[in-house]
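Let me begin by presenting the structure, written as structure tokens, before commenting on it.
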Amino acid sequence: MAQETIDESRQCLMLGVGGEIFAIDAERVREILDPAPVTDVPGARDFVRGLINVRGKVVPMADLRPRFGMEVAEATADTRFVVIEVDLDGEPTVVGIVADKVYEVAELPLSSLGAAPRIGMRWRPELVKFIGRWQDDFIVVPDIERIFN
Amino acid sequence: MNDAEKAFREEADDLLEQLEQSLLDLEKTPSDNELIACAFRALHTLKGSGAMFGYEKVSAFVHNFETAFDHVRKGRAPPSTELVSVALLAKDHVRAQIEDPEAADEATGRRILDELRRVVEASAPVAAEAPAVEIAAPARPARAAWRLRFSFDERVLVNGTNPLLLFDELRTLGELDLRACADAVPSLDAIDPTVCYLSFEATLVTDAPRSAIEDVFIFVIDEMSLEIERVDEEQSTHVEEAPPAAAEAAPTATRRSAENEGRGAGSVRVQAEKVDELMDRVGELVIAQARLTQLAETASLDIKAIAEEIERLAANLRDVTMGIRMVPIGSLFGRYRRLVHDLSSELDKPVDLVMSGEETELDKTMIERLADPLVHLIRNSLDHGLEDVAGRAAAGKAATGRIRLSASHSGAEVLITVADDGRGLDVARIRAKAVANGLIAEDAVMSDAEIHQLIFHAGFSTAQSITKLSGRGVGMDVVKRTIEGLRGAIDIASTPGGGSEVTLRLPLTLAIIEGLLVRVGAARYVIPLSSVEECVELATAGEGGSAGRSFLNIRGDLVPFLRLREFLSAKTPPDPHQKVVVVSFGDQRVGLVVDQIIGSHQTVIKSLSKLHADVPCFSGATILGDGAVALIFDIPHLVDRGQAHDEERKAREKEAA
């Protein structure tokens with residue numbers, strides 16, 4: 001039975017991003033950091049404008065909010081940098097993303113996930129993999145690879 | 001592929017390389033017996049290790065190759081140009097057999113061997129007829145008897161040596177009388193079947209020299225003791241009575257094994273990734289050390305002393321690690337001798353390849369990436385640069401063309417030059433072609449140097465006909481991109497009718513550079529020190545124009561400058577006393593206006609991820625002493641972009657006006 005549970009749900013890290021809750025597959029999350037100084041990369045696309053130092057490695061810092069057309073807000077006491085691994089053209093790349101708040105790792109039953117509706121969404125549908133429900137809230141499972149590639 | 005097989009392949013690679021170099025040298029100095037011996041040794045070693053690792057076909061082929069080549073060694077056939085050419089083909093076949101044993105064509109192998117035999121035999125009578133066999137004479141000692149005593153290390157069987165094969169090989173040298181000494185064999189219950197308990201005594205009557213006997217044991221000499229003693233014919237029949245271990249023989253064996261040991265200790269094969277990993281770790285250490293030094297500024301004397309000590313150690317470690325990655329460029333140059341040899345006969349243009357500065361050391365990764373661009377430049381020289389024999393005669397030049405390949409250090413840069421004494425770049429033709437391609441206007445006024453640069457445009461080839469060599473899809477544009485990717489630059493010099501010279505200027509290493517740390521607005525950036533010429537104050541009076549690019553007067557020279565604040569959209573108010581860092585690349589000089597020059601800084605370069613591949617102005621990033629990330633400028637791109645930026649601004653102003 002335990003096996004089935006694993007098959008039918010997935011561990012996700014819940015992040016608050018621009019007033020929405022995003023679920024990121026826990027497997028790709030490397031670490032969660034307190035906000036650190038971000039170096040601006042002039043001329044880069046707006047959602048990957050920065051670089052941070054993650055223990056001696058230079059890691060690009062992404063902000064999903066402009067990508068989803070959300071307002072970029074100042075950092076608060078809850079702001080965290082979530083370091084994840086993204087597949088870029090078949091090459092695993094470590095990327096940091098800004099989260100307004102990190103909630104918890106939750107088990108999302110696959111049955112609770114549905115395809116993103118074609119209409120009635122503010123975001124470009126190809127960036128959203130699923131829409132799901134968690135704690136009476138609608139949550140967004142973003143298509144991380146699509147977002148970065 | 002298992003490790004042993006990998007080791008064999010690596011070894012074989014080296015041996016084939018050695019063989020090829022010896023053969024090519026032999027073509028020039030056919031009388032050099034040391035070269036012949038060197039080639040022969042390489043073949044012999046290949047045969048042995050090929051058999052040991054189960055490459056039977058390779059071993060068989062090399063055996064025949066070796067047999068044919070033995071005639072050369074014995075002075076029966078001269079190492080003619082023809083022989084060298086066939087031997088090179090044979091060498092290629094061996095490589096093909098090792099790389100892909102299935103695909104290697106046996107018929108081809110047979111053809112090559114037949115050809116090799118034919119060449120050797122055709123020339124053999126000539127050598128025999130010639131009365132002057134002085135070279136051959138000492139190489140063929142009279143028939144003699146040798147007594148051998150040898151025993152193997154216990155582990156020798158485990159290491160893959162089959163003594164029976166060694167005996168077979170001894171037998172090929174002459175009459176062999178071999179006895180095993182079983183004294184050391186323990187009782188059956190104590191026997192370990194993987195241990196070699198036997199020692200041997202043999203009498204060998206042969207006309208081969210002592211070295212041939214020693215060669216039989218070449219692979220196991222480290223794992224055995226060997227005594228070789230010469231006895232005369234008469235004594236050899238009573239070998240049992242002969243006195244034991246002659247004093248004269250022992251040193252030979254000892255010397256040989258000492259030599260082998262020396263060679264083993266001299267170098268270690270390490271995977272490139274491991275060295276890269278080490279370099280990364282050292283890079284992190286250098287960064288952490290910089291932070292420590294910064295913190296220690298305000299700390300107690302003790303801590304300061306430790307910080308200094310660590311700084312010294314880290315710097316040493318960095319240099320040593322970088323040293324590991326450095327290899328002499330000769331290993332790369334060597335490959336081109338074959339290329340030139342082949343192209344020269346293919347195009348029927350006799351060429352003298354002159355190489356210098358082979359000992360110049362360069363980062364290994366860099367050397368690998370230079371391989372293709374250099375092939376292209378050398379091909380260009382041979383194919384387009386050098387005239388054919390008739391053309392050279394008409395131009396009053398020697399029939400044999402000359403290509404010079406040289407490397408040298410110049411400050412923090414390595415210069416690699418490919419020069420030929422051919423016809424030089426045809427400025428008129430390049431120009432015509434550029435006009436036809438729409439690259440430049442028909443009436444454009446351009447200097448020769450500017451026209452030379454046109455050959456770096458994609459799809460630009462002045463070859464009138466597509467030969468087998470040109471038109472392979474790798475153009476000068478690719479060469480340029482590769483060199484720029486290595487943070488290098490290309491200079492071209494050409495004299496009509498006198499030849500052309502292409503110089504690649506490259507940094508010593510890819511991993512760490514000296515940088516000048518500057519501040520623009522709130523952000524800090526690194527300018528590679530190698531491109532910095534000088535720093536000057538931006539005199540408020542001297543600046544013309546309100547924004548963007550203007551000119552600076554540096555000791556009478558007009559130098560355009562680029563305001564980085566504007567270019568990088570800095571938001572903080574500018575510093576009152578702005579500085580200009582004058583950078584140069586190629587023959588261009590440009591000033592970069594910054595708010596503050598912080599100082600020089602050891603920079604460990606971290607490449608930018610694919611997410612920032614579309615940002616061309618930065619070649620990478622580094623981590624500063626306080627842990628912050630700073631971007632490193634890619635000077636040529638920055639200036640290119642600066643120019644474009646400037647033109648856009650002018651266009652906007654024009655529209656507005």
Side-chain angles (χ1 to χ4, degrees), chain A residues 24 28 30-31 33-68 72 74-75 81-98 127 142-149, chain B residues 279-291 519-526 563-572 603-634 637-638 640-642 644-645:
Chain A
I24 307 277
R28 65 163 86 235
R30 292 282 203 83
E31 55 192 308
L33 304 171
D34 283 338
V38 180
T39 300
D40 196 42
V41 182
R45 289 168 292 171
D46 58 357
F47 78 104
V48 282
R49 271 206 80 108
L51 294 174
I52 52 167
N53 167 11
V54 179
R55 285 174 294 104
K57 294 219 158 28
V58 173
V59 171
M61 190 64 209
D63 193 338
L64 298 183
R65 290 172 296 191
R67 199 84 172 107
F68 281 85
V72 174
E74 288 292 309
F81 289 178
V82 180
V83 181
I84 60 171
E85 202 174 277
V86 180
D87 196 63
L88 284 184
D89 288 339
E91 211 176 279
T93 308
V94 176
V95 176
I97 53 177
V98 188
L127 301 182
D143 189 331
I144 294 288
E145 262 72 36
R146 279 264 177 82
I147 289 172
F148 285 99
N149 278 303
Chain B
M279 194 70 218
D280 274 359
R281 291 290 91 77
V282 170
E284 278 176 45
L285 177 69
V286 169
I287 291 161
Q289 170 268 314
R291 297 181 66 176
R519 185 174 57 78
V520 180
R524 284 167 295 174
Y525 298 90
V526 176
R563 285 171 191 278
L564 290 184
R565 289 187 55 81
E566 185 186 316
F567 186 67
L568 301 168
S569 334
K571 286 176 190 76
T572 56
T603 306
V604 179
I605 300 173
K606 310 268 181 180
S607 53
L608 296 178
S609 72
K610 281 196 175 144
L611 288 174
H612 291 121
D614 58 332
V615 191
C617 297
F618 306 104
S619 57
T622 190
I623 295 172
L624 301 176
D626 59 2
V629 178
L631 287 157
I632 304 167
F633 283 123
D634 180 330
H637 276 120
L638 176 69
D640 268 6
R641 286 291 287 258
H645 184 85

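Heavy-atom distances place both the backbone and the side chain of Pro60(A) under 4.5 Å from chain B. Interface residue Asn53(A): backbone and side-chain heavy atoms are both found under 4.5 Å from chain B.
Lys57(A) has its side chain out of reach of Val94(A): every pair of non-hydrogen atoms, C-beta onward, lies at least 4.5 Å apart. Looking at Val48(A) and Val95(A), their side chains never come closer than 4.5 Å, going by heavy atoms from C-beta outward.
For Arg519(B) (side chain) and Gly521(B) (main-chain N/O), a donor-acceptor pair under 3.5 Å exists by modelled atom type.
When each of Val86(A), Thr93(A), Leu88(A) is scored by its heavy-atom pairs under 4.5 Å with chain B, the top score falls to Leu88(A). The candidate with the highest count of non-hydrogen atom pairs below 4.5 Å against chain A, out of Leu631(B), Leu568(B), Val629(B), Val615(B), is Val629(B).
Asp63(A) has no carboxylate O lying under 4.0 Å from a charged side-chain N of Arg49(A), or vice versa, which leaves the two without a salt bridge.
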